[in-house]
Amino acid sequence: MSWRFARTLKWIVRHILVALLVVTMVQLGFWQLRRLDEKRDHNALVEARQVEPAEPVEDVVPASAEVGSDEVDAVLYRRVTATGRYAVDDTFVVENRSLNGASGAWVLTPLVLDDGRAVLVNRGFIGYDVEGDIVPPDPPAGQVSVTGLVLPSQHRGSFGATDPGEGKLAVLARVDLERLAAQVHYEVLPAYVQLGESDPPEPAAVGGNAAAGDAATLVPLDPPELDEGPHLGYAVQWFIFTTIAGGGYLLLLRKMAKEEARRAPAKPDVAGRLEGVGE
């Protein structure tokens with residue numbers, strides 16, 4: 001085989017490009033493995049916090065902290081209790097949600113605590129009625145005690161609907177605590193509670209069919225899923241692509257070397273011709 005072609009400028013450029021491609025794909029594979037480790041660490045943290053004893057929300061969520069701050073992050077997914085009265089008139093829904101294949105919305109109502117502050121409670125999922133409307137049931141009247149998980153305020157990413165900045169909204173695109181605080185007259189804690197249990201219980205919480213979109217049924221939400229995501233599969237794919245690219249390029253070089261050797265002219269048999277002349 002002849003490898004002279006591999007030392008030409010054209011092929012040197014190709015070597016560099018393939019090497020860069022292989023290095024990039026290897027780095028992407030290890031990046032996905034690092035993401036997997038981060039996801040596993042996050043899941044372990046969430047599981048550890050969820051098994052801690054439930055404590056009063058005012059003792060867990062720092063009222064003076066800003067939404068999305070490290071102080072709030074440090075208490076997310078904790079189980080808390082809260083006692084107060086629901087501010088029924090400030091109930092709103094977050095539309096475009098689904099549960100068990102049914103489309104609907106989340107129903108959220110601030111629970112005003114004894115000290116005058118409020119914690120927003122996600123009371124559960126409700127389906128559209130026969131006319132395609134969301135009609136959330138009123139929460140229990142009087143003093144209510146709830147238990148649930150502390151979750152973070154949501155914010156708009158690169159895409160998604162934007163809520164108007166002014167006015168009192170009955171429908172929001174997401175659980176935006178800063179937007180809620182702008183339309184109520186009391187202080188709102190910088191994290192919200194996803195309802196697990198309520199005393200007295202929520203009305204119409206039993207006997208409906210959420211999967212069928214029964215608008216009379218308010219269904220509590222399950223805790224956040226703790227899956228590991230697709231990171232391991234993506235890492236395997238990147239390493240497979242690396243093997244294909246690197247191995248395929250080496251096979252190509254071998255094939256080109258063989259072809260160049262066949263095209264090369266045969267060397268003249270000088271010794272044989274000299275022997276013939278001597279005879």
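All values reported here derive from a predicted model rather than from experimental measurement. This chain uses plain numbering: 1 for the first residue, then up along the sequence.
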For the atom pair CG (L76) and CD (Q50), what is the distance rounded to the nearest 0.5 Å?
-> 11.5 Å
Worked check of side chain to side chain contact (heavy atoms under 4.5 Å, CB included) between F92 and W106 | CA-CA 8 Å; F92 67 92; W106 291 347; over 6 Å; no
Is a side-chain N or O of E95 found less than 3.5 angstrom from the main chain of V171, in a donor-acceptor match?
-> no
Crowding at CD, E66 (>12 non-hydrogen neighbours, <6.0 Å) | no
When clusters are formed by joining ILVMFWY residues with side-chain heavy atoms under 4.5 Å apart, either directly or through shared neighbours, do L33 and F241 land in the same one?
-> no
Acceptor/donor pairs from residues 80-88 side chains to any protein atom, 3.5 angstrom cut, sequence neighbours excluded:
from: T83; atom 1: OG1; to: S145; atom 2: OG; distance (Å): 3.0

Verify the neighbour count for atom CD of E197: are there more than 12 heavy atoms of other residues, nucleotides or ligands below 6.0 Å?
-> no
Smallest separation among heavy atoms of L195 and R123, with atom names = CD2-O, 3.8 Å
Less than 4.5 Å apart, any side-chain heavy atom of E47 and any of V51?
-> no
Is the count of non-hydrogen atoms from other residues, nucleotides or ligands lying under 6.0 Å from F5 atom CZ greater than 12?
-> yes
According to the interplanar angle, ranging from 0 to 90°, do the rings of Y249 and W11 count as parallel (below 30°), tilted (30 to 60°) or perpendicular (above 60°)?
-> tilted
Output the distance between atom CG (L180) and atom OH (Y192), rounded to the nearest 0.5 Å.
-> 12.5 Å
So, the side chain of Q194 versus the backbone of L149: is there a donor-acceptor pair under 3.5 Å, distance only?
-> no
Walk me through it: do S153 and V175 pass the test side chain to side chain contact (heavy atoms under 4.5 Å, CB included)?
-> CA-CA 6 Å; S153 176; V175 187; 5.9 Å; no
Above 12 or not: heavy atoms from other molecules or residues under 6.0 Å from NE2 of H15?
-> yes
Is F239 linked to W31 within one hydrophobic cluster, defined over Ile, Leu, Val, Met, Phe, Trp and Tyr using a side-chain heavy-atom separation of less than 4.5 Å?
-> no
Nearest heavy-atom approach of V61 to P190 is CG1-CD, 3.7 Å
What do the steps show when you test I134 against Y128 for side chain to side chain contact (heavy atoms under 4.5 Å, CB included), and what is the final call?
-> CA-CA 5 Å; I134 295 292; Y128 292 98; 3.5 Å; yes
For E187, check salt bridge (charged side-chain N to carboxylate O under 4.0 Å, His left out) against everything at least two apart and list the hits.
-> none
From OH (Y77) to CG (N43), nearest 0.5 Å = 9.5 Å
Is L226 reachable from L151 through a run of I, L, V, M, F, W or Y residues, each pair having side-chain heavy atoms under 4.5 Å apart?
-> yes
Compare every heavy atom of L172 with every heavy atom of R179, then report the nearest pair and how far apart it is.
-> CG-CD2, 4.0 Å
Please report the closest heavy-atom contact between G167 and Q183, naming both atoms and the distance.
-> O-OE1, 3.6 Å
Indicate yes or no for a side-chain donor-acceptor contact from T8 to the backbone of R4 under 3.5 Å, with no hydrogens or angles considered.
-> no
Nearest 0.5 Å please: distance from the CD1 atom of I12 over to the CG atom of L17.
-> 12.0 Å
CG on L253 to NZ on K258, rounded to 0.5 Å | 12.5 Å
Report yes if the side chains of V67 and V72 come closer than 4.5 Å at any heavy-atom pair, otherwise no.
-> no
Pair V13-I16, side chain to side chain contact (heavy atoms under 4.5 Å, CB included): steps then yes or no | CA-CA 5 Å; V13 172; I16 295 173; 5.7 Å; no
In terms of hydrophobic clusters joined by side-chain contacts under 4.5 Å, are L120 and Y186 together?
-> yes
Within a strict 4.5 Å, meaning less than it, do heavy atoms of the V144 and S198 side chains meet?
-> yes
hydrophobic_cluster_shared for V26 and L232, side chain cutoff 4.5 Å | yes
Output the distance between atom CG (D90) and atom CG (L169), rounded to the nearest 0.5 Å.
-> 11.5 Å
Heavy-atom pair with the smallest gap, counting every atom of I126 and P137 = CD1-CD, 3.4 Å
In short, R97 meets F125 closest at the heavy-atom pair O-CE1, 3.6 Å
Heavy-atom side-chain proximity of T242 to V22 below 4.5 angstrom = yes
Is D115 salt-bridged to R117, cutoff N-O under 4.0 Å?
-> yes
Main-chain N/O of A74 paired to R49 side chain as donor or acceptor, under 3.5 Å | yes
